[in-house]
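Only one structure is covered here, and it is reproduced in the block below.
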There are 2 protein chains.
Amino acid sequence: MTNYDQDQKVLVAVDCIIFGFDQNQEELQLLLIKRDFEPERGSWSLMGGFMQKNENIRDAAARVLTKLTGLTDVYMEQLKAFGKVDRDPVERTVSVAFCALINVEDHDQEMIKRYSARWFGISEIPQLIFDHDIMVETAIRRLRYRASVQPIGFELLPKKFTMRQLQKLYEEIFSEKLDKRNFTKKINSLDILKKLDEKDKQSSRKGSFLYKFDKNKYLNNKANGMYFKV
Amino acid sequence: MTNYDQDQKVLVAVDCIIFGFDQNQEELQLLLIKRDFEPERGSWSLMGGFMQKNENIRDAAARVLTKLTGLTDVYMEQLKAFGKVDRDPVERTVSVAFCALINVEDHDQEMIKRYSARWFGISEIPQLIFDHDIMVETAIRRLRYRASVQPIGFELLPKKFTMRQLQKLYEEIFSEKLDKRNFTKKINSLDILKKLDEKDKQSSRKGSFLYKFDKNKYLNNKANGMYFKV
DNA sequence: TCAAAAGTGTTCACCGTACACCCATGG
DNA sequence: CCATGGGTGTACGGTGAACACTTTTGA
């Protein structure tokens, strides 16, 4: 075995674009941390870390996510590598961005405080360090695409949710109002939900029925293809 | 400025999935090289190389592509990073895969010989080294998606082409037969081609009209959205 | 009894799909 | 004159999009 050129080694980082859906504000949000280290101490940033030499890159991203949220087994998707020479002022670093969808209820509030992290609505994201703003843009585009192709929204909701919550979530993802009747019709036609006998009374006097995502139904109907228009 | 942890540096490679469309065989093809160095000497492989420390990752991919084909200003799209610990047996290496679309007529035949490279139809791709087969799968999926969203096919054709060639190309990309009338109708409705007065007489006695991609028309109609069904 | 959200059906326009015949030409 | 590929139009069905009223119930 020959050895490769050793002079050109660089650091590989991972950065996590963490999406959540705030039930109360009915808002798609992003979890950002306030850096308490140089460079750019005090600026807002994605949660990141360095890939270890003996660690799969995907595992590195999962580790970093767990460090901030306490969550494991989270939906994660790699976006791409960001590799401009000067993207990190300290040293040449290639960063691989991952986008994660979490159920906000589940995550560890204490851990978040430890990193001075905060949720931001996707329409009010502050300026971010390095090329993190481009990563976020990329992530939102990917989320939209993914949501139009797979029933991915359920990752962002609690186990039980109402049709209205689901609709609000998709409205946030696609940044457009959807028609209540058309939405219900579409979702029902996909045949991937189980309607429960319970109602959620939080948001109205009448109450609205709760649903669960039914993975078995989904796997049977997988041939369906598109879920929503892009 | 603090310094990051220096122990974890790794090599970053780029690998190019190079697509071409063979006019004669009407086949979508992939350009592969026969490795004349260890490890895996003699095996088929994607063209790759290492990113230099002072080089944007995208530029590294372009450099590698030029090295093999002689071409510059080629359509390239990053797929993603591949970063399993053991993907390269020699040493920990993260590879970023790029997919490139080239016009086969333009490329440098001599250079290809120098690398013992060869074109393979996408349905007859040999076993590849490392995780290159997964990269190729990913690239084909991305090509399909991209072709359904952008008028990308023209990158693979000569400047002037017939409606039949374009159709064959899309048939290859989507691996399905398309109806001649529906195809023509669809393409015409997009209003992105300029019909020329010339005919190509190679494939029939009657001859078939040549077209050119009209970038101005395309940019004006960009709002169109989808191009083909996925 | 009233305010506020939940739930529900129909119509129309457009687009994707299926489908078959005539045309032009070189040999 | 004929074999070969090139070019063209129509009819149907499905899906997305627009649109408004009734129901429930806690205050």
Side-chain angles (χ1 to χ4, degrees), chain A residues 23-26 144 147-149 151 157 160-171 173-211 221 223-230, chain B residues 23-26 144 147-149 151 157 160-171 173-211 221 223-230:
Chain A
Q23 242 57 262
N24 304 316
Q25 298 188 54
E26 296 183 329
R144 280 182 187 155
S148 72
V149 162
L157 291 172
K160 301 176 183 182
F161 50 87
T162 68
M163 203 50 105
R164 294 309 116 222
Q165 288 175 319
L166 188 60
Q167 180 177 342
K168 287 287 178 191
L169 171 57
Y170 276 90
E171 287 179 346
I173 291 175
F174 294 121
S175 291
E176 58 177 314
K177 282 267 169 238
L178 301 172
D179 180 85
K180 197 169 40 158
R181 282 163 292 188
N182 293 338
F183 182 81
T184 309
K185 205 193 313 172
K186 175 72 182 175
I187 294 289
N188 283 331
S189 79
L190 295 176
D191 191 31
I192 52 176
L193 293 190
K194 184 176 182 179
K195 190 174 186 172
L196 305 178
D197 283 332
E198 302 170 66
K199 279 191 164 189
D200 174 89
K201 294 244 175 187
Q202 304 245 0
S203 64
S204 76
R205 312 191 198 282
K206 185 177 176 181
S208 96
F209 279 104
L210 287 164
Y211 291 80
N221 305 336
N224 288 355
M226 265 315 162
Y227 279 70
F228 285 92
K229 216 189 130 180
V230 189
Chain B
Q23 242 56 261
N24 304 315
Q25 299 188 53
E26 295 181 330
R144 280 183 188 155
S148 73
V149 162
L157 291 171
K160 301 174 183 182
F161 51 87
T162 68
M163 204 51 103
R164 294 310 115 222
Q165 288 175 318
L166 187 61
Q167 181 178 340
K168 287 284 178 194
L169 172 57
Y170 276 91
E171 287 180 346
I173 291 175
F174 295 120
S175 291
E176 59 178 312
K177 283 267 169 238
L178 300 172
D179 180 85
K180 196 166 43 158
R181 282 163 292 190
N182 294 339
F183 183 81
T184 310
K185 204 194 313 172
K186 175 73 181 174
I187 294 288
N188 283 333
S189 79
L190 296 176
D191 191 31
I192 51 175
L193 293 189
K194 186 177 182 176
K195 189 175 189 171
L196 304 177
D197 283 333
E198 301 170 65
K199 279 191 164 188
D200 174 87
K201 293 245 176 186
Q202 303 246 4
S203 63
S204 76
R205 310 190 198 282
K206 184 176 175 180
S208 96
F209 279 104
L210 288 164
Y211 291 80
N221 305 335
N224 287 354
M226 263 318 159
Y227 279 71
F228 285 93
K229 214 188 133 183
V230 190

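In the text below, chain A, chain B and the rest are named by the order of the sequence lines, each starting its count at 1.
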Every protein N/O lying under 3.5 Å from an N/O of nucleotides 8-13 of chain C:
unit_1 : atom_1 : unit_2   : atom_2 : d
C:dT10 : O4     : A:Lys185 : NZ     : 2.9

Looking only at side-chain N and O atoms, does B:Arg144 offer a donor or acceptor that is under 3.5 Å from a partner on B:Ser175? yes
Atom of A:Lys206, atom of A:Lys199 and distance for their closest heavy-atom approach: O-NZ, 3.4 Å
Ignoring hydrogens, what is the shortest heavy-atom contact between B:Leu157 and B:Gln23? Give both atom names and the distance. CD2-OE1, 3.6 Å
Say whether, by atom type as modelled, one donor and one acceptor occur between the side chain of B:Glu171 and the main chain of B:Lys177 under 3.5 angstrom. no
How close or far is atom P of C:dC14 from atom CG of B:Leu190, stated in whole angstroms? 17 Å
Can you see whether A:Phe209 has A:Lys195 sitting over its ring - NZ or CZ less than 6.0 Å from the centre and within 45° of the normal? yes
Separation of atom NZ in B:Lys177 from atom P in C:dT17, rounded to whole Å: 16 Å
Find the distance B:Phe183:CZ to C:dG16:P and express it as a whole number of Å. 13 Å
Over 60° means perpendicular and under 30° means parallel, so tell me whether B:Tyr211 and B:Phe161 are parallel, tilted or perpendicular. parallel
What is the distance, to the nearest angstrom, from the CD atom on A:Glu176 to the C1' atom on D:dA17? 11 Å
Return the value, rounded to whole Å, for the distance between atom NZ of A:Lys168 and atom P of C:dA5. 10 Å
So do the side chains of B:Arg164 and B:Thr184 get within less than 4.5 Å of each other, counting heavy atoms only? yes
So what is the end-to-end bend of the helix from C:dT1-D:dA27 to C:dG27-D:dC1, with 5 pairs used at each end and the value given to 10 degrees? 0°
Could you check how far CD of B:Gln167 sits from P of D:dG5, rounded to whole Å? 14 Å
Exercise: identify the closest heavy-atom pair between A:Phe174 and A:Ala147: CZ-CB, 4.1 Å
Please report, rounded to the nearest Å, how far the C1' atom of D:dG5 is from the CD atom of B:Glu26. 11 Å
So which atom in A:Ser204 and which in A:Ser208 form the shortest heavy-atom distance, rounded to 0.1 Å? OG-N, 4.5 Å
Show the nearest heavy-atom pair for residues B:Gln167 and B:Asp179, with the distance to one decimal. NE2-C, 4.0 Å
For nucleotides 23-27 of chain C, which of its nitrogen or oxygen atoms have a protein nitrogen or oxygen under 3.5 Å away, and what is each distance?
unit_1 : atom_1 : unit_2   : atom_2 : d
C:dC23 : O2     : B:Lys206 : NZ     : 3.1
C:dT25 : O3'    : B:Arg205 : O      : 3.4

Here the distance between atom P of D:dT15 and atom CG of A:Leu178, to the nearest Å, is 19 Å
Kindly give the heavy-atom pair with the smallest separation between B:Thr162 and B:Gln165, and that separation in Å. N-OE1, 2.9 Å
